[in-house]
Structure formats: C-alpha cells, structure tokens
There are 2 protein chains.
Amino acid sequence: MGDRRPTMRDVAAAAGVSLKTVSRVVNGESFVRPDTAERVRDAIARLGFQRNDLARTLRGGGRTRSIGLIIEDVANPFYSQIARGVEDVARAGGRLVISGSSDEDPARELLLIRSLCERRVDGLLIVPSQTGDPRRRAELIAGTPAVFLDRPADDPAADTVLIDNLGGARTAVDHLLAHGHRRIACLVDLPEIFTARQRHQGYLEALAAHGVQADPALVRTGRHDVRGAGHAMTELLALPDPPTAVFAGNNLLTVGALRAIGAAGTRTALVGFDDVELADLLATPVTVIAHEPADMGRQAAELLEGRIRGDTGPPARILLPTRLVARGSGEIPPG
Amino acid sequence: MGDRRPTMRDVAAAAGVSLKTVSRVVNGESFVRPDTAERVRDAIARLGFQRNDLARTLRGGGRTRSIGLIIEDVANPFYSQIARGVEDVARAGGRLVISGSSDEDPARELLLIRSLCERRVDGLLIVPSQTGDPRRRAELIAGTPAVFLDRPADDPAADTVLIDNLGGARTAVDHLLAHGHRRIACLVDLPEIFTARQRHQGYLEALAAHGVQADPALVRTGRHDVRGAGHAMTELLALPDPPTAVFAGNNLLTVGALRAIGAAGTRTALVGFDDVELADLLATPVTVIAHEPADMGRQAAELLEGRIRGDTGPPARILLPTRLVARGSGEIPPG
DNA sequence: TTGAAAGCGCTAACAT
DNA sequence: ATGTTAGCGCTTTCAA
C-alpha cells in the first residue's frame with residue numbers, strides 16, 4: 001500500500017492528455033473539448049484523484065480560504081456560540097474555521113497564533129488572553145488581518161467587538177438596588193480580564209450612583225470557574241452579615257453561585273451576566289443580563305471578511321448591547 | 001503596501017547567507033555557527049519572517065498537522081464538548097482542528113469532507129449525517145484516515161465510537177417503570193438518525209420486558225429541536241389519557257419537554273438522554289442518562305491518531321457506557 | 001483547443 | 001559549517 005496519492009500528472013497520463021488539460025477540467029476552465037473533458041473526468045474518478053489544495057494555494061499565491069479562531073474554551077457555551085456565529089459567516093465567504101482553545105494561557109495563545117499564521121490563514125479572530133505580552137502577540141500577528149472579540153487588544157488600530165460590560169453590570173446592580181437590596185455581593189473573574197474589570201467597575205458605579213457604600217468584604221474577584229464561584233458564594237453566605245443579593249459576573253460564576261445558594265438554602269437574589277440554558281426553568285428562574293454571543297462572532301467575522309477583502313477604513317469598535325431579562329431571581333426582596 | 005511576505009530567500013539575502021542556512025536556523029538544525037545563526041535570527045526578526053507552512057508541507061510530502069472534525073452544530077453543548085475532547089488529543093499530537101457544522105445536511109457534509117481532504121488534513125473525525133448516500137461519502141474520504149463518532153457509517157471497516165444508546169434508553173424506561181409508570185411517552189429525533197432509532201428501540205424493549213403494551217399515541221419521533229419537542233410534549237399532555245412520564249431522547253428534546261411540562265403545570269415524570277447544565281438546580285431536578293461527550297471526542301481522536309501513525313489493526317468499535325443520574329424528575333410517581 | 005516551461009516557498013540530498 | 005541543486009503538485013505564462 002505504499003502508493004502515494006494520484007497527482008494531476010497521473011491523471012494526465014491515464015487520460016492521455018497533458019497536465020494542463022487536467023488542470024483546466026478540474027478548475028472548470030473553458031477551451032476543453034467535451035470528449036476530452038469526459039476522458040479526464042473518467043481518469044479522475046478511476047484514480048480517485050483529489051486536487052492538492054496546498055500546492056494550489058502555494059502556486060496561486062492566493063488565499064488558504066481559512067480563518068483562525070482563538071477562544072478560551074470551545075466547551076464553554078459562551079464561546080461555542082461565538083464559534084457558530086463565526087462559522088456561519090466564514091462559510092458564506094467560502095472559508096473554513098480552524099479553532100483553538102487558549103485556556104487563558106498566553107503561551108498557548110502565542111503558539112496558536114504562530115501556528116495559524118504559518119499556515120497562512122486568511123485572517124485571525126482572537127479573544128485575547130490578558131496575562132501575556134501584547135507586543136509579542138502583535139509581532140506574530142503582523143501581516144495577517146485580525147479582529148479581536150470580547151476583549152480589546154492593547155492595539156488601538158485593531159478592529160474590536162465588545163459587549164457593553166459596563167452598562168450591563170450597572171443595569172444588573174441597579175435592578176437589585178431598585179428591589180431594595182443594599183448588601184449586594186459581586187463575583188467576578190480574574191482581574192486581568194478586561195470583562196471582569198469592567199463588570200466589577202459597573203457594579204461599583206451602580207452602588208455609588210445610588211449612594212450605597214460598597215463593602216469590600218462582599219466582593220470576590222479572581223473566580224474563574226464554577227467551583228471557585230461556588231466556594232466564594234458559600235463563604236459570602238456564611239458571613240455574619242451576609243449579602244441579600246449577588247451579581248455574578250459570567251455564565252460559569254452564575255452557575256457556581258446558584259449551586260451555593262441552593263446548597264445553603266437561602267433566599268438570596270441573583271442577577272447573572274450572560275444568559276444560561278434552562279435559566280427559565282430553575283426553581284427560581286434566573287434573572288440575567290443577556291446578549292448574543294453568536295452575533296458577536298458574526299460581527300467580528302464580518303469585520304474580518306472586510307479586511308481580508310482589502311477594506312482599509314479606520315479601526316472599527318463595535319459595542320454590542322445587553323438587555324436585562326427578569327425571570328425571578330433578581331426580583332427576590334431582601335430577606 | 002504592495003510588499004509580499006518575506007521568504008527565506010529574502011532573509012538569506014538580508015543576512016548574507018544561503019537559503020539553506022536560513023532553513024537550518026529556522027528548523028533548529030545543528031551545524032550552524034552561533035554567530036551566523038545570530039545574524040539570521042536578526043534578519044528574521046527585522047523582516048518579520050514567518051515560515052510558510054504550506055510550502056514546507058508540500059515539499060516534505062508530509063503531514064499538515066491538522067485534523068478535520070465534522071459535527072452537526074458546534075453551538076450544541078453535546079458537540080462542543082466532543083470538540084473539546086478532540087482538541088485536547090489533537091493538541092497533544094501537535095495538530096490543529098478544523099471543525100465544521102454539517103447541520104445534518106448531507107450536501108453540506110460532502111462539501112466539508114471534500115474541502116478538508118483537498119487541504120490534506122491528516123485525518124477526519126465525522127459524526128455522519130444520515131440522509132445522504134454513504135457511498136459518495138466513502139469515495140471522498142478514501143485515502144484519508146477517518147473515525148466516526150456517535151453514529152456508525154455504513155462502512156464495517158471504519159473505526160467507530162458510539163454511546164450505549166440501547167442500554168441507556170432501556171435503563172431510563174426501566175427506571176420509570178420501576179417507579180410505577182405505565183403510560184410513558186417517548187420523544188425522539190429524526191428516524192433517519194441512528195441514535196434516535198436505538199433510543200426508540202430501547203424504549204420499546206424496556207416496555208416489552210415489563211409486559212407493558214406500547215401505546216403508539218405516546219411516541220413522537222422526528223423532533224429535532226427544542227421547539228419541536230415542546231410542541232409534541234404539549235400535545236401529549238393534552239391527550240384524553242395523557243402520559244404520566246416521558247423519556248426524552250436527547251439534550252434538546254429534554255429541554256423542550258421540560259418547558260412544555262412547566263407550562264402545562266403537570267407533575268409529569270421525565271428521564272432525559274444526555275446530561276444538561278443546571279439539571280440539578282431545576283424546580284424538579286432532572287434525572288438523566290449521563291455519559292461523557294468529551295471522552296467520546298478523546299477516544300475517537302486517539303483512534304484517529306493511531307491510524308495516522310500507521311496502526312493497521314482491525315476496525316475498532318468502542319461503545320461508551322451511560323449511567324443513570326437520579327435527581328428527582330425520574331422519581332415522580334404516576335399522578 | 002492543447003501543451004511545454006517556469007516557478008510558488010520550502011526541504012532533502014548531495015556537494016564543498 | 002555552509003552552499004547548490006532538484007523537486008513537492010499545482011497554476012501561470014506563453015507557445016503551438
């Protein structure tokens with residue numbers, strides 16, 4: 001079975017024509033007599049020939065018709081929805097998506113970027129990790145069109161699609177304040193992460209706007225997964241003067257907080273950032289700050305598509321809206 | 001801006017060495033004087049050179065260090081968990097994952113396969129759509145190692161990783177029967193889909209084993225999304241003699257059924273196939289037939305990795321176990 | 001309507 | 001320790 005894949009040469013030999021004629025048939029070019037084309041197609045089918053796209057792209061100097069997508073974790077619904085939005089746009093543009101999970105590890109991110117650039121993807125869509133050196137990243141990307149999602153790169157010249165984190169967080173906390181809460185806890189992700197900082201800030205701003213003194217004991221930052229959030233929430237509920245409400249800074253933290261509240265059996269109000277599946281069916285349906293991750297993916301991919309096609313306009317900064325979806329958990333009154 | 005990307009040639013010229021020396025430095029080969037290597041590295045940095053992987057692979061006759069993954073929909077948690085498992089194994093093998101959603105459309109699937117094969121992915125991981133012509137698919141795949149997930153291809157020579165659908169479904173319905181139910185509804189996906197057929201069959205077998213006469217009016221097949229399942233469930237609950245329990249054939253159908261039951265306000269028992277996020281926190285926590293999608297992805301990817309490396313053993317057929325997770329909804333007694 | 005020759009950017013094999 | 005040559009499989013250019 002040491003037989004290599006058939007090439008156009010092989011097909012040409014089998015069909016008794018020149019290599020160029022095979023190329024014409026494969027690419028649907030004109031100026032081939034129907035019966036010649038037929039013979040070539042026969043040979044292609046007989047040999048099981050499949051054009052080698054690497055060679056084609058190399059010689060054509062053209063596009064690879066692929067884009068790279070770097071997110072934190074495909075298994076997280078937030079990112080997998082983004083990926084789907086991206087794929088839909090990429091498909092329309094005739095491109096495939098090569099996606100990779102950085103796991104928030106800057107080294108892993110750089111590796112992915114390098115790999116993707118060396119493969120000459122037509123463009124890059126990146127949720128930038130925030131602990132690495134932005135300059136190293138920029139160096140690697142240089143020469144490949146790139147759009148950033150969910151978090152800004154340091155680069156002011158880069159196209160970026162963000163969610164209105166500040167506004168969303170403020171809305172969440174406003175809502176809890178409006179329902180009479182004063183001791184409102186805040187659960188957020190690693191402080192390096194832009195969205196976490198913004199949501200934390202939105203929380204503080206909402207309190208300040210209502211003249212409520214923020215209690216640092218009620219803020220837990222640096223929670224990056226369901227378990228971490230659960231532990232933090234359990235601690236908060238065990239406080240001598242526990243919070244009557246909590247703002248959970250993302251989908252994972254919302255799940256963690258819900259588990260902890262359920263385990264503690266308290267009637268703690270909650271508003272979460274990001275919508276979560278089945279939120280409407282919980283014992284107490286979950287009030288959230290909702291937005292459209294797939295739409296973020298689509299918009300970013302469309303921006304990228306434009307750049308790939310040569311758009312040379314000023315950098316775009318898209319801010320996607322959020323909306324409060326009141327379902328019950330955010331409307332629980334203070335104990 | 002008409003400047004093309006720098007090549008090894010350009011680097012060689014800039015460093016005053018030959019192309020081959022640049023190649024040696026880039027590939028970390030030995031037999032380069034440290035100071036020469038230094039000069040080359042300088043030139044690389046100055047020009048922003050990045051090796052063209054297409055050319056490298058073409059010449060080396062080697063692997064593209066990528067694998068293709070074709071699933072139904074990345075946004076569905078079941079598939080995104082698979083994707084993550086696949087990615088982890090691919091990463092360990094130094095490969096990237098190019099993934100595409102077929103949306104259960106055979107034409108789209110063929111397009112993806114062709115595209116991926118022409119790009120010379122090292123291997124293919126496929127959740128085969130089941131409405132197309134298996135022979136056309138097999139023809140396209142020929143020459144590229146492939147492993148099938150979640151559903152068998154027609155091809156008995158193909159490596160396949162499946163879930164124990166039959167056993168899982170039987171366990172689910174056994175459980176409901178054991179809790180005293182006799183009128184048990186069944187919600188399953190399109191009958192073309194292997195897993196739907198198996199789960200339907202498991203349902204029937206469990207009833208038969210308990211000597212319970214199956215009522216065709218309680219079976220709704222061909223439900224492929226949350227809404228479809230919701231409508232079907234609403235209809236079932238409106239029956240003159242409604243079911244007291246339901247077996248939901250996958251994660252989406254479980255969600256739809258839960259919504260309908262919630263809306264109808266009945267105390268209908270439910271066991272779902274696939275675990276769902278937050279199932280434990282629902283008003284009535286959801287009993288499910290759980291399994292590990294990520295593990296399915298990993299095992300399939302490992303099988304593929306082996307084939308890529310030349311394993312020539314007989315076709316593998318892996319059957320992954322399920323387990324019943326009793327959380328409440330499956331233990332509701334008949335009304 | 002068809003074909004021959006050159007070359008995309010790189011690595012393998014062979015000099016030196 | 002460094003360079004030269006050939007060629008991966010295709011498309012492009014030019015000739016017939």
Side-chain angles (χ1 to χ4, degrees), chain A residues 2-41 43-44 47-65 114-115 117-121 143-144, chain B residues 2-41 43-44 47-65 115 117-122 143-144:
Chain A
D3 47 15
R4 38 168 206 79
R5 279 167 181 280
T7 70
M8 281 195 178
R9 238 183 139 85
D10 302 325
V11 175
V17 298
S18 81
L19 190 160
K20 177 63 205 174
T21 299
V22 177
S23 171
R24 286 205 179 87
V25 172
V26 169
N27 294 300
E29 290 173 27
S30 31
F31 303 118
V32 180
R33 272 216 323 264
D35 60 317
T36 310
E38 196 48 36
R39 281 215 323 283
V40 171
R41 265 189 291 269
I44 287 176
L47 300 183
F49 168 79
Q50 294 186 139
R51 177 176 58 189
N52 184 329
D53 218 53
L54 278 68
R56 174 179 154 81
T57 304
L58 181 60
R59 174 59 234 227
R63 312 255 87 113
T64 54
R65 282 156 300 126
R114 170 188 295 271
S115 229
C117 287
E118 289 187 350
R119 276 151 209 256
R120 296 294 188 263
V121 292
T144 306
Chain B
D3 46 15
R4 37 170 207 76
R5 278 168 181 282
T7 70
M8 280 195 179
R9 241 183 136 85
D10 301 326
V11 175
V17 298
S18 82
L19 192 161
K20 179 62 201 173
T21 299
V22 177
S23 172
R24 287 206 178 87
V25 173
V26 168
N27 294 299
E29 291 172 28
S30 31
F31 302 119
V32 180
R33 270 215 326 263
D35 58 318
T36 310
E38 195 49 36
R39 282 215 321 282
V40 171
R41 264 189 291 269
I44 287 175
L47 299 182
F49 167 80
Q50 294 186 140
R51 177 176 59 188
N52 184 329
D53 217 53
L54 278 67
R56 174 179 153 81
T57 304
L58 181 60
R59 173 60 234 226
R63 312 256 88 112
T64 54
R65 280 154 303 125
S115 234
C117 287
E118 290 188 349
R119 276 150 210 257
R120 295 293 188 266
V121 290
D122 300 336
T144 306

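As the structure is a prediction and not an experimental result, all values here were calculated from the model. Chain letters run A, B, ... following the sequence lines, proteins first and then strands; every chain starts at 1. The figures here come from the full heavy-atom set of this structure, side chains too, leaving out hydrogens, waters and symmetry mates.
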Contacts of A:Ser115 meeting side chain to side chain contact (heavy atoms under 4.5 Å, CB included) (sequence neighbours excluded), chain-then-number -> A:Arg119, B:Leu96
Discussion item. Need one value for B:Thr57: base, sugar-phosphate or nothing, where a base atom within 4.0 Å counts as base even if backbone is also close, heavy atoms only.
Written reply: nothing
Taken to the nearest whole Å, CZ/A:Arg39 to C1'/C:dT2 is 11 Å
Notebook entry, point to check: With no hydrogens and no angle check, is any side-chain donor or acceptor of A:Thr57 less than 3.5 Å from a backbone partner on A:Asp53?
Noted result: yes
Shortest non-hydrogen pair, B:Arg65 vs B:Arg56, comes out as NH2-NE, 3.9 Å
On a heavy-atom basis, the closest approach of B:Thr64 and B:Arg120 is OG1-O, 2.8 Å
Nearest heavy-atom contact between B:Pro6 and B:Leu47 is CG-O, 3.4 Å
Please write out each protein N/O paired with an N/O of nucleotides 5-9 of chain C under 3.5 Å, distance rounded to 0.1 Å.
unit_1, atom_1, unit_2, atom_2, d
C:dG7, N2, A:Arg59, NH1, 3.4
C:dG7, N3, A:Arg59, NH1, 3.0
C:dC8, O2, A:Arg59, N, 3.1
C:dG9, N2, B:Ala55, O, 3.3

Next on the checklist: I'd like to know if the side chain of B:Asp10 and the backbone of B:Thr7 have a donor-acceptor N/O pair within less than 3.5 Å.
Outcome noted: yes
Q: Give a yes or no answer on whether the side chain of A:Asn52 reaches the backbone of A:Leu54 with a donor-acceptor pair at less than 3.5 Å.
A: yes
query = Just by distance, with hydrogens left out, do A:Thr144 and B:Arg5 show a side-chain donor and acceptor under 3.5 Å apart?
reply = yes
Here the residues of residues 21-33 of chain B within 4.0 Å heavy-atom distance, strictly under, of DNA chain C are B:Ser23, B:Asn27
